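Heads up: the structure comes next, in structure tokens.
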Number of protein chains: 2
Amino acid sequence: MARASHKLTEAEWAIMQAVWKLQPCAAPTVQEALAGARKWSYSTVKTIMDRMAAKGLLATEKIRNLVLYRSAVTRRQAQRGEVMRTIKQAFNGALTPMMQFLLEGHDFTEQQLGELEALIHKKRRQSSKRRKR
Amino acid sequence: MARASHKLTEAEWAIMQAVWKLQPCAAPTVQEALAGARKWSYSTVKTIMDRMAAKGLLATEKIRNLVLYRSAVTRRQAQRGEVMRTIKQAFNGALTPMMQFLLEGHDFTEQQLGELEALIHKKRRQSSKRRKR
DNA sequence: TTGCAGCCTCTACAAGTGTAGAGTAGGATC
DNA sequence: GATCCTACTCTACACTTGTAGAGGCTGCAA
């Protein structure tokens, strides 16, 4: 599963999202997919993607004169990197304060709260099981 | 409360943390405070701080030949900016998936789980009250 | 009054990032 | 074969960030 969290820039996130959705895909495909959101020229997209490939964020395969790109990092890995960085930087590495922050600073629907609660219950069962082992 | 979320770089976070703790403070103070963690020369620290002041992240006051710095952004604002960016970029703006991610990907002590649960209960009470209004 | 200690200002530079134009090469079309 | 479309490669440039040296001003100590 290779290297830890490369951190993605904003532009890279945009590209990555497209690649996760469309892969394997060529640069023009990605450019078109993003055309609505970001007015990037083909060159821009291609440049970013090649740099990402150089960094190991994307994998490439050359078929004739076409380059196919695939993600070399899962969405989950990228998310994890991002979240860990935030926790480390903004919350001194402490997870619960960040959770508190999230909970306090936002409104949730009843359903969302229920889901979260269920998750916590599950967590609790898991950890009590672990303790008994 | 002025402008929205300037996003801080890693170096800026380090400086900010020190300033929040020590403010009002001069650049050399900050440099010394960080000396353990980062081997920055005085110039480096001062440069970053001045750039931060230019960006509106720090406020300065000149007394004689001494420049005093204060944060122009609260810790909470900065945290909020960071978290919002993460949610937006990595989770397409959806809060609960991010919470789920956090819950699933980490171990918590019984106490932490209890705290979180309490928070959710509080949340729920608040939101049901809101609904009745 | 001469120095020294502190803090400041200026300037610089390399790497990384966002952005894109100009020109090229291969396959399809007339 | 000439043309055209498409995707590619190369090159460039401005801005931001990390990093820091060189030299300047000021007040206190000797």
Side-chain angles (χ1 to χ4, degrees), chain A residues 3 5-19 22-70 78 81-82 85 89, chain B residues 3 5-19 22-70 78 81-82 85 89:
Chain A
R3 60 174 81 281
S5 52
H6 276 295
K7 86 167 170 213
L8 311 197
T9 67
E10 204 190 327
E12 287 169 346
W13 268 103
I15 301 269
M16 261 309 196
Q17 304 278 12
V19 173
L22 305 168
Q23 69 183 320
C25 57
T29 316
V30 172
Q31 193 229 335
E32 282 155 31
L34 294 176
R38 358 250 318 190
K39 311 266 172 256
W40 281 331
S41 74
Y42 166 76
S43 285
T44 302
V45 173
K46 177 75 170 155
T47 302
I48 300 178
M49 291 182 77
D50 284 340
R51 286 178 185 164
M52 288 171 78
K55 288 195 222 173
L57 291 171
L58 295 178
T60 62
E61 179 188 358
K62 181 150 193 168
I63 301 177
R64 299 298 206 127
N65 71 331
L66 183 71
V67 180
L68 276 189
Y69 295 83
R70 284 185 178 74
E82 197 70 30
R85 208 171 44 75
Q89 231 162 45
Chain B
R3 62 175 79 282
S5 52
H6 277 294
K7 86 169 169 212
L8 311 197
T9 67
E10 204 191 326
E12 288 169 346
W13 268 103
I15 302 269
M16 261 308 196
Q17 305 276 11
V19 173
L22 305 167
Q23 71 183 318
C25 57
T29 315
V30 172
Q31 191 229 337
E32 283 156 30
L34 295 176
R38 358 252 315 191
K39 311 266 173 256
W40 281 332
S41 73
Y42 166 75
S43 284
T44 301
V45 173
K46 177 76 170 154
T47 302
I48 300 178
M49 291 181 77
D50 285 340
R51 285 178 185 165
M52 289 171 77
K55 286 195 224 175
L57 291 171
L58 295 178
T60 61
E61 178 189 358
K62 183 150 190 167
I63 301 178
R64 300 298 205 125
N65 71 330
L66 182 72
V67 180
L68 275 190
Y69 295 83
R70 284 185 178 73
E82 197 72 30
R85 209 172 43 76
Q89 231 162 45

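Numbers restart at 1 for each chain; the letters A, B, ... are given by sequence-line order, proteins then strands. A quick note: this is a predicted structure, and the numbers were derived from the prediction, not measured.
- Between A:K62 and the phosphate of D:dT9, there is a side-chain N or O to OP1/OP2 separation shorter than 4.0 Å.
- The CG atom of B:L8 sits 11 Å away from the P atom of D:dG18 (whole-angstrom rounding).
- Atom CD in A:E32 sits about 10 Å away from atom P in D:dT6, given to the nearest Å.
- For D:dT26, the OP1/OP2 oxygens have no side-chain nitrogen or oxygen of B:R64 closer than 4.0 Å.
- When rounded to the nearest whole Å, the span between CG of B:L68 and P of C:dC7 equals 11 Å.
- Contact between the side-chain N/O atoms of A:W40 and the OP1/OP2 oxygens of C:dG18 is not found at any separation under 4.0 Å.
- You'll find that the side chain of B:T47 is closest to D:dT19, out of C:dC7, D:dT19, D:dG27.
- Contacts of B:T9 with the nucleic acid, taken as non-hydrogen atoms under 4.0 Å apart, involve only primed sugar atoms and P, OP1 or OP2.
- Taking atom NZ of residue B:K7 and atom P of nucleotide C:dT17, one finds them 11 Å apart after rounding to whole Å.
- Distance CE (B:M49) to P (D:dG18): 14 Å, rounded to an integer number of Å.
- The two atoms that bring B:V45 and B:A27 nearest to each other are CG1-O, 4.0 Å, heavy atoms only.
- Rounding to whole angstrom units, CG of residue B:D50 and C1' of D:dT16 are separated by 16 Å.
- Taking CD of A:E82 as the start and CD of B:Q89 as the end, the distance is 5.5 Å to the nearest 0.5 Å.
- Donor-acceptor pairing under 3.5 Å is recorded for the side chains of A:T44 and A:S41.
- The distance from atom CG of A:L34 to atom C1' of C:dT19 is 15 Å, rounded to the nearest whole Å.
- Using a 4.0 Å cut-off, no side-chain N or O of B:T44 falls inside it from OP1 or OP2 of D:dG18.
- Residue-to-nucleotide proximity on DNA chain D shows that, of A:R51 and B:I48, the 5′-proximal contact is made by A:R51.
- One atom, CG of A:N65, and another, P of C:dA28, lie 10 Å apart when rounded to the nearest Å.
- Distances shown here put every side-chain N or O of B:K46 at or beyond 4.0 Å from the OP1 or OP2 atom of C:dG6.
- For the pair B:Y42 and D:dA20, the criterion of a side-chain N or O lying under 4.0 Å from OP1 or OP2 is not met.
- Closest non-hydrogen pair, B:T60 versus B:A53, comes out as CG2-CB, 3.8 Å.
- Under the 3.5 Å distance criterion, the side-chain polar atoms of B:Q31 are left unmatched by any main-chain donor or acceptor of B:K46.
- For a distance-only test at 3.5 Å, the side chain of A:S43 qualifies as a donor-acceptor partner of the base of C:dG21.
- Phosphate proximity of C:dT17 to A:K55: present, with a side-chain N or O under 4.0 Å from OP1 or OP2.
- Taking the side chain of A:P28 as heavy atoms from C-beta on, and the options D:dT19, D:dA7, C:dG6, the nearest nucleotide is D:dA7.
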